[in-house]
Structures are given as structure tokens and as C-alpha cells.
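Just so it is clear: chains get the letters A, B, ... in the order the sequence lines come, proteins before strands, and each one is counted from 1. All values reported here derive from a predicted model rather than from experimental measurement.
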Amino acid sequence: MRETPSKSASVRRAAARGFVLDRTFYARPALVVARHLLGKVLVRRIGGRELTAPIIETEAYLGPHDLASHASKGRTPRTEVMFGPAGCWYVYLIYGIHWMLNVVTNDVDHPAAVLIRGAGEWTGPARLTKAMSIDKSLNGAEAARSSGLWIEDRGIKMARGAIQRTPRIGVDYAGHWAARPYRFVVDAADLREV
DNA sequence: GCAGTGATCATA
DNA sequence: ATGATCACTGCC
């Protein structure tokens, strides 16, 4: 994608101005966090380099009553992180191959999280984690610079109508919860720098 | 359409 | 210890 020199400069300044989302952002209902993560920028530090990608697809997992959520099975070693403070990563392996990246939401002892399904050019939660070298070593870590994986607000805006809601993917086992529109998607073309 | 892949959890 | 399940992907 070609840009004029002045546009490139403004993008760099906008990036430098980005601020890291903190616990107050995540300590809200999963549906609110899932919606507001669209357009925020996932940042992964690997060595001295930073990989960045605007989030374009999320899913909310509400709590123990949500039969699509791992938390509906109760407190286990795997789900422990979801019972902890908001703003920590919940990373787990699925089908023996794929790492899934979630961020914990709500309050302590309210196990809820948002699955990050797509960012930048990467569609699909497993392709995203593969591209960003995300695995179990991040499970339980804070979404902060200290962990090497965090999310920033870089001022990207989108039209309200650009956001689509659909049922969540791959949770047909969850009865009527499978049909609830807890998946949020925005077309990358609808993201706008400010 | 469906195989691959192995952690996780319930059951025993 | 064993077996079922799985918030997916890639290849048929």
C-alpha cells in the first residue's frame, strides 16, 4: 500500500501516541470489551521488533452460565486464569495443534474472557497466534508491555454501522447459547486512522 | 468432506 | 489408566 510521505509521518506519530489498554478497560462485561477491542491494535514484541495488527474479530465468553465458555465446566487448572483479574491473557491449546488467545474480562471470581479471532491480515484465531508466536508461555501473563504482548488504542475509528454481530464460531455444543450474537466483526477496510 | 494432534477432564 | 472431547486449519 503506497502512501505519501506526509501520511506516513502522521501514521508514525499516531503510533507513538498509542496508549496501552489497562485493567480498567478490561474490567468490564465481556460483551463490552469484545465490542471495544475492534480497531484496537494488538502489539507483539519479539526480540527488538514489534509486530502490530488492528483487531478485526472478537468473541465474548460471558461467565459460568454461558455454556459455550470453558468456565461453564467450573474451576479447573485450565480455567483458573479466567477466575483471576481482568487484563491477563488466557491462552490454551485446541485440537492438539492450535493456540487460542483470549483476554480475561470482568471481575475477580467472575470467569469471563474475549477470544481474539482476527487481527490485521490474519483471519482465524490459530493463524493469528502462529503469526505472532503466541503460546502457553503467555498464559496468565498481563496484557502489558512487560509480557511482550499488549493492546493499544491508536485512535482508529470506524463507523458504528461497520460492526457486524453474529453467533460465535464452533460452539454448536452450547445449546441456545450457540445462537447468541456474541461475535463481533469489522471489515479491515472500514478502519480509519484519526 | 474430514484427518490431524495432544492437552484436558471425567470416570474408574 | 482410559476414553471423549475440543472456542481450528488445511487438504481432499
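The residue from R35(A), R117(A), R168(A) that alone fulfils the salt bridge (Lys or Arg N to Asp or Glu O under 4.0 Å) condition with E59(A) is R117(A). In summary, of the residues considered (L115(A), I134(A), D135(A)), a side chain to side chain contact (heavy atoms under 4.5 Å, CB included) with L101(A) occurs for I134(A) alone.
By the 4.5 Å heavy-atom criterion applied to side chains, I55(A) and T58(A) are counted as neighbours.
With no hydrogens or angles considered, a side-chain donor-acceptor pair links T76(A) and T79(A) at under 3.5 Å.
The separation between R168(A) atom CZ and dC6(C) atom P is 14 Å, rounded to whole Å. Y173(A) places its OH atom 8 Å from the C1' atom of dC6(C), with the value rounded to the nearest Å. Residue E80(A) contributes atom CD, which lies 13 Å from atom P of dT8(B) at whole-angstrom precision. Atom CD1 of I97(A) is separated from atom P of dA7(C) by 14 Å (rounded to the nearest Å). Here dG4(B) presents its P atom at 18 Å from CD1 of I94(A), a figure rounded to the nearest Å. Look at CZ on R183(A): it is 13 Å from C1' on dC8(C), rounded to the nearest Å. If you measure from atom CG of N139(A) to atom P of dA7(B), you get 14 Å, rounded to the nearest angstrom. Rounded to whole Å, the distance from CH2 on W99(A) to P on dG6(B) is 12 Å.
When each of dC9(B), dC8(C), dA7(C) is scored by its nearest atom to the side-chain atoms of Y95(A), the top-ranked nucleotide is dC8(C). Listed nucleotides dG4(B), dC9(B), dA7(C) differ in distance to R78(A); the shortest reach to its side chain belongs to dC9(B). In the set dT5(B), dC8(C), dA7(B), dC8(C) carries the atom at the smallest distance from any side-chain atom of I169(A).
No donor-acceptor pair under 3.5 Å is formed between the side chain of W89(A) and the backbone N or O of S137(A).
Of the two residues contacting DNA chain B, namely H98(A) and K73(A), the nearest-nucleotide position lying further toward the 5' end is that of H98(A).
If you check residues 105-130 of chain A against DNA chain B, you find no residue with a heavy atom closer than 4.0 Å.
Scanning both residues, T52(A) and V41(A), for their nearest heavy atoms gives CB-CG1, 3.8 Å. Across all non-hydrogen atoms, the minimal contact from A53(A) to M132(A) is CB-CE, 4.0 Å. Across every non-hydrogen atom of Y26(A) and V104(A), the tightest pair is CB-O, 3.7 Å.
In this structure, R23(A) fails the cation-pi test against F25(A), since its NZ or CZ atom is not both closer than 6.0 Å to the six-membered ring centre and inside 45 degrees of the ring normal.
For H70(A) and dA7(C), the shortest distance from a side-chain N or O to OP1 or OP2 is below 4.0 Å. Residue Y90(A) places no side-chain N or O under 4.0 Å from the OP1 or OP2 atom of dA7(C).
Within the 6.0 Å centre-distance limit, the rings of Y92(A) and H70(A) are counted as a close aromatic pair.
Looking at Y92(A), its side chain has no donor and acceptor atom pair within 3.5 Å of the base of dA7(B).
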(message) Dot-bracket, 5' to 3', for DNA chain B please: Watson-Crick or G-U pairs under 3.5 Å, [ ] where pairs cross earlier ones, | where the partner sits on another strand, dots elsewhere.
(response) ||||.||||||.
